[in-house]
Amino acid sequence: MEKTLGIIKPDAVAAHHSGNIIAMIEKNGFTIVRMQKMHLSKKQAEQFYAVHKERPFFGEMTSFISSGPVIVMVLEKNDAIKAWRDLMGATDPKKAAPHTIRAHYAIDIGKNAVHGSDAPETAAEEIAFFFPDLK
Ligand code: UDP
Ligand code: MG
């Protein structure tokens, strides 16, 4: 079993899509190992997204992710990292496959409803960032 980090972003929490997104997660066979609603500070957002600090939209993305409450989850399943990214859909919702979370709930390429780790190393780092007690 593999673990990955998922986040329901402020746009989807504010629009009351969390319940539907969690239902999609469970329907797709993930176990929710941890789940915590929290409001990130701008500083925490900058730490979390540090790998993106050279990208032109870094300021925007860190302001957005710290703009309201998020729901942070550790998701477990066989091949969870890829399975969660498949369920999320493409970063740009215009390119996301129809059955995906982003196709249903994302507003645009920035306010795109969910986050998911992209590799085993980043999954381990991101899980430890929010849940340092989880081995
Ligand atoms: N993002 C953005 N503009 C872009 C590309 C990405 O605002 O042109 C934001 C968006 O919220 C995205 C996040 O930066 O989810 C991280 O980008 P990444 O390329 O890692 O996409 P993801 O892994 O979330 O699909
Ligand atoms: Mg990414």
Side-chain angles (χ1 to χ4, degrees):
M1 284 292 187
E2 187 175 63
K3 290 186 183 69
T4 190
L5 189 90
I7 302 178
I8 305 178
K9 294 187 181 182
D11 57 318
V13 173
H16 295 181
H17 295 315
S18 315
N20 288 333
I21 292 171
I22 291 164
M24 288 174 81
I25 288 169
E26 293 199 310
K27 202 171 184 174
N28 280 271
F30 291 90
T31 297
I32 300 171
V33 176
R34 294 289 174 90
M35 179 157 61
Q36 169 83 50
K37 189 170 188 178
M38 60 178 80
H39 192 149
L40 299 181
S41 67
K42 175 84 169 168
K43 192 172 202 140
Q44 283 176 304
E46 288 169 355
Q47 285 166 355
F48 179 72
Y49 274 139
V51 293
H52 294 297
K53 64 177 180 292
E54 305 305 333
R55 296 176 83 173
F57 49 84
F58 182 69
E60 237 178 293
M61 77 195 289
T62 53
S63 292
F64 165 60
I65 201 80
S66 60
S67 67
V70 295
I71 296 173
V72 185
M73 300 166 292
V74 176
L75 305 175
E76 188 172 62
K77 188 184 168 159
N78 282 323
D79 209 8
I81 296 168
K82 181 179 186 301
W84 173 232
R85 292 198 63 91
D86 287 349
L87 182 58
M88 292 199 307
T91 310
D92 181 352
K94 294 200 289 286
K95 296 176 185 157
H99 63 281
T100 60
I101 292 170
R102 282 168 165 168
H104 283 294
Y105 301 118
I107 296 167
D108 59 36
I109 195 170
K111 297 177 171 65
N112 59 4
V114 280
H115 167 85
S117 309
D118 60 8
E121 302 71 36
T122 48
E125 282 174 22
E126 291 179 2
I127 290 167
F129 183 86
F130 288 108
F131 303 102
D133 62 305
L134 198 65
K135 52 127 216 77

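Atoms considered below: every heavy atom in the structure, side chains included; atoms not considered: hydrogens, waters and symmetry mates. In listed order, ligands and their atoms are each counted from 1.
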So which bit of [X] gets within less than 4.0 Å of ligand 1, heavy atoms only: side chain, backbone, both or neither?
X: Arg85; value: side chain
X: Arg55; value: side chain
X: Glu60; value: neither
X: Ile109; value: both

Got an N/O contact under 3.5 Å between [X] and ligand 1?
X: Tyr49; result: no
X: Met61; result: no
X: His115; result: no
X: Arg102; result: yes

Quick one, [X] and [Y] - any side-chain contact, counting heavy atoms below 4.5 Å?
X: His104; Y: Ile101; answer: no
X: Met61; Y: Tyr49; answer: yes
X: Leu134; Y: Lys3; answer: yes

Would you call the rings of Phe129 and Phe48 parallel, tilted or perpendicular if under 30° counts as parallel and over 60° as perpendicular? tilted

Please state whether the rings of His52 and Phe57 are parallel, tilted or perpendicular, taking 30° and 60° as the class boundaries. tilted

Atom NZ of residue position Lys42 - does it have more than 12 heavy atoms of other residues, nucleotides or ligands inside 6.0 Å? yes

So for Lys9, does at least one of its heavy atoms come nearer than 4.0 angstrom to any atom of ligand 1? yes

Can you find a non-hydrogen atom of Asp118 under 4.0 Å from ligand 1? no

